[in-house]
2 protein chains.
Amino acid sequence: MDVLDFIIDSHRAVSQPELEHALVHKFDRVTLYRTLNTFNENGLLHTVADSSGSMKYALCNTHCEGNNHHHEHLHFHCTSCSETVCFEEVMVTRPTLPAGYAAVDYNFVVNGICRKCQA
Amino acid sequence: MDVLDFIIDSHRAVSQPELEHALVHKFDRVTLYRTLNTFNENGLLHTVADSSGSMKYALCNTHCEGNNHHHEHLHFHCTSCSETVCFEEVMVTRPTLPAGYAAVDYNFVVNGICRKCQA
DNA sequence: GTTTATGCAAATTCTTTGCAATACT
DNA sequence: AGTATTGCAAAGAATTTGCATAAAC
């Protein structure tokens, strides 16, 4: 619950190291990884692979059930502050793949400078 | 040159660990990281952040100059064999971002099962 | 001979694993 | 008691840093 609360309040995709730093001494590092994995497997969180070096986890929408994620929305990663956010309103058009390739999941991250770092 | 040759021959995005394993004892791990970074900064390679846990590097097209990358093409990451390829022919439509966000670079990776692992 | 690239050792960071201890039912 | 969750220690993998050596110009 503490993990979920923090992610909900942060309004962005967070990594295990961020959680560990935020919830200092409340939980062990391993517990956090296991919790994030469980939430991911059960459709509460989805992963976002950005260029920050650590996996980020963000809230799922209501269309996710279990391992069947549906996240055809955009993500933005700020190369200045390293924060990553979901743009739930900007849908990703599923591209047509060459024959023989089966899509399961989409990871679209735009890198750039966010609003906060713009100033 | 050995690094470039290997990436060209492999026809996919490769990571430093892959290179280190492929070019055993030819170069030091650190030299490979530095070479990859130099190539990336000079527009020979671009990075692809997939869910494999290590950064991948792939050949740039002719539109890249220095740090100014133009890779609005699709990438595919196979969750079975963990290989990642570029689909240069499938262009990514640059999404419209909310006000205040400035795009620099696009990282679109489709996760799924590749042709080889399909069988 | 001064710049540049390489190697080595070590440190840092992220993530996973094994096992014992604890809490839950 | 028996299952599931947590903590701790440690291992493993990816990446970076510092410094000394070797190569290139």
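Small disclaimer: the values here were computed from a predicted structure and weren't measured. Below, chains carry the letters A, B, ... as their sequence lines are ordered, and counting in each starts from 1.
Residues passing the ring-ring contact (aromatic ring centres under 6.0 Å, His included) test with Y33(B), sequence neighbours excluded: none. When the ring-ring contact (aromatic ring centres under 6.0 Å, His included) test is applied to F76(B), the partners found at least two apart in sequence or on another chain are Y101(A). Taking the salt bridge (charged side-chain N to carboxylate O under 4.0 Å, His left out) definition, one finds that E18(A) meets it with R12(A), sequence neighbours left out.
Residue-to-nucleotide proximity on DNA chain D shows that, of T35(A) and V30(A), the 5′-proximal contact is made by T35(A).
With a heavy-atom cut-off of 4.0 Å to chain B, the contacted part of DNA chain C has its first and last nucleotide at dT6(C) to dA10(C).
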Pairs under 3.5 angstrom only: tabulate donor-acceptor contacts from the side chains of residues 53-60 of chain A to other protein residues two or more places apart or in another chain.
| unit_1 | atom_1 | unit_2 | atom_2 | d |
| --- | --- | --- | --- | --- |
| K56(A) | NZ | D50(A) | OD2 | 2.8 |
| K56(A) | NZ | S82(A) | O | 3.0 |
| K56(A) | NZ | T84(A) | OG1 | 3.3 |

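Checked against the 6.0 Å centroid criterion, the rings of H77(B) and H75(B) do not qualify as a close aromatic pair.
In this structure, OH of Y33(A) is placed 18 Å from P of dA11(D), rounded to the nearest angstrom. Residue Q16(A) contributes atom CD, which lies 13 Å from atom P of dG7(D) at whole-angstrom precision. The interatomic distance linking L32(B) (CG) with dA13(D) (P) rounds to 17 Å, in whole Å. Computed from coordinates, the M55(A) CE to dA14(D) P distance equals 13 Å when rounded to whole Å. Counting to the nearest Å, the C1' atom of dG7(D) and the CG atom of L23(A) are 16 Å from each other. In this structure, D28(A) places its CG atom 14 Å from P of dA10(D), rounding to the nearest Å. Rounding to whole angstrom units, CD of residue E18(B) and C1' of dT15(D) are separated by 16 Å. Straight-line distance from the OH atom of Y57(B) to the C1' atom of dA14(D): 10 Å, rounded to whole Å.
Applying the side chain to side chain donor-acceptor pair (under 3.5 Å) rule to pairs touching residues 22-31 of chain B yields D2(B)-K26(B), E20(B)-R29(B), sequence neighbours excluded.
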